[in-house]
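Since we're looking at a predicted model, the values are computed, not measured.
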Amino acid sequence: RNVLILNTVIGFGLAALNYLFLPNSSPREFWIFLAGSMVYSHVIGSIAALVIPNIGIRLWCSKGPRMWFLFLAALVAVGIVGTVVALALLWTLQVIPTRLLVPRFRGSVGIAVIITLIIGVAAYFVERLRHRGEATALELKRQQLLNQRAQTLASEARFSSLQSRL
């Protein structure tokens with residue numbers, strides 16, 4: 001569900017940016033930008049949601065430059081494959097004619113890869129912060145249990161001491 005919401009927000013944002021930075025665009029062109037942006041964002045975002053978590057789990061043990069190289073390479077691959085799949089979908093739906101496939105690919109693959117890298121790296125840091133928060137919460141819970149156990153043992157010792165005096 002979150003993936004669908006994020007993909008939709010990204011699609012709207014890209015359509016708005018396209019529309020705003022092309023000064024002679026008509027309102028009708030906004031809807032064309034929106035449709036294309038939604039296809040790209042949902043296709044690439046869905047592929048990333050399926051592939052990147054599995055890769056991230058495998059790379060979690062790796063540290064440093066090797067991990068980053070493999071992670072960024074996976075994001076680039078997702079951006080490229082997602083662009084191809086999105087264009088194939090648009091071509092199948094007869095939105096893009098065959099003669100424009102290669103020019104559209106050249107024009108969109110770079111942007112798609114950059115956006116995939118930005119969102120992928122941001123998601124990595126969000127997940128890392130979430131993981132650290134969970135680890136901190138678990139450690140705090142462990143400390144609380146140890147303190148509770150120590151207090152219980154101390155209370156039992158006091159009770160035993162009082163019983164022995166009687």
Side-chain angles (χ1 to χ4, degrees), residues 1-23 25 29-90 93 95 104-155:
R1 180 175 170 235
N2 290 340
V3 172
L4 291 175
I5 293 170
L6 180 62
N7 291 342
T8 303
V9 168
I10 291 167
F12 270 108
L14 292 174
L17 287 173
N18 259 336
Y19 183 71
L20 291 173
F21 286 106
L22 294 174
S25 298
E29 288 175 312
F30 172 75
W31 297 108
I32 294 169
F33 293 146
L34 182 61
S37 295
M38 286 298 173
V39 169
Y40 277 94
S41 66
H42 281 281
V43 167
I44 296 171
S46 297
I47 292 171
L50 290 172
V51 172
I52 297 301
N54 293 323
I55 291 172
I57 290 168
R58 286 176 177 77
L59 293 177
W60 190 257
C61 298
S62 302
K63 297 292 181 203
R66 181 177 185 267
M67 186 279 299
W68 277 107
F69 174 76
L70 294 172
F71 182 65
L72 295 176
L75 289 172
V76 168
V78 165
I80 293 169
V81 170
T83 301
V84 170
V85 172
L87 284 170
L89 179 63
L90 291 169
L93 296 172
V95 175
R104 281 285 173 93
F105 176 78
R106 286 185 188 144
S108 58
V109 72
I111 295 166
V113 167
I114 289 169
I115 292 169
T116 304
L117 285 168
I118 291 168
I119 294 170
V121 170
Y124 168 82
F125 284 111
V126 167
E127 282 300 310
R128 187 171 169 194
L129 288 173
R130 187 179 65 77
H131 177 73
R132 281 186 179 174
E134 288 174 359
T136 302
L138 283 172
E139 179 60 25
L140 180 61
K141 186 71 170 172
R142 190 182 74 75
Q143 289 293 330
Q144 288 173 338
L145 288 172
L146 286 175
N147 286 342
Q148 246 181 351
R149 192 172 287 145
Q151 287 175 352
T152 302
L153 288 173
S155 295

Tabulate below the donor-acceptor pairs under 3.5 Å that side-chain atoms of residues 67-76 make, not counting sequence neighbours, or state none.
none

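Atom CG of L59 and atom CZ of R66 lie 7.5 Å apart (nearest 0.5 Å). The structure places CG of L14 at 11.5 Å from OG of S108, a figure rounded to the nearest 0.5 Å. Between the CD1 atom in I119 and the CG atom in L6 there is a gap of 6.0 Å [rounded to 0.5 Å]. Going from atom CD of Q151 over to atom CG of N147 covers 6.5 Å, rounded to the nearest 0.5 Å. Rounding to the nearest 0.5 angstrom, the gap separating the CG atom in L4 from the OG atom in S41 is 10.0 Å. The distance from atom CD1 of I10 to atom CD1 of I115, rounded to the nearest 0.5 Å, is 8.0 Å.
The closest side-chain heavy-atom distance from F33 to L22 is below 4.5 Å.
G79 and A112 make their closest contact through O-CB, 4.2 Å (heavy atoms, listed as atom of the first residue, atom of the second, distance). Taking every heavy atom of both residues into account, V3 and G45 meet most closely at CG1-O, 4.1 Å.
For the ring-ring contact (aromatic ring centres under 6.0 Å, His included) test, no residue two or more places apart in sequence or in another chain qualifies with F21. With sequence neighbours left out, the side chain to side chain contact (heavy atoms under 4.5 Å, CB included) criterion links I114 to I118. E127 meets the side chain to side chain donor-acceptor pair (under 3.5 Å) test with R130; sequence neighbours excluded. Remark: Q148 engages no residue in a side chain to side chain donor-acceptor pair (under 3.5 Å) (not counting sequence neighbours). Contacts of E139 classified as side chain to side chain donor-acceptor pair (under 3.5 Å), with partners at least two apart in sequence or in another chain: R142, Q143. Contacts of V85 classified as side chain to side chain contact (heavy atoms under 4.5 Å, CB included), with partners at least two apart in sequence or in another chain: V43, I47, V81. Taking the side chain to side chain contact (heavy atoms under 4.5 Å, CB included) definition, one finds that R58 meets it with N54, sequence neighbours left out. Listed by chain and residue number, nothing satisfies the side chain to side chain donor-acceptor pair (under 3.5 Å) test with R132 (two or more places apart in sequence, or in another chain). Every residue meeting the side chain to side chain contact (heavy atoms under 4.5 Å, CB included) condition with F30, not counting sequence neighbours, appears here in chain and number order: A15, Y19, L34.
Summarising the local packing, OH of Y124 is surrounded by more than 12 heavy atoms from other residues, nucleotides or ligands at distances under 6.0 Å.
Sorted by first and then second residue, the side-chain hydrogen bond (donor to acceptor under 3.5 Å, both in side chains) pairs involving residues 4-16 (not counting sequence neighbours) are T8-H42.
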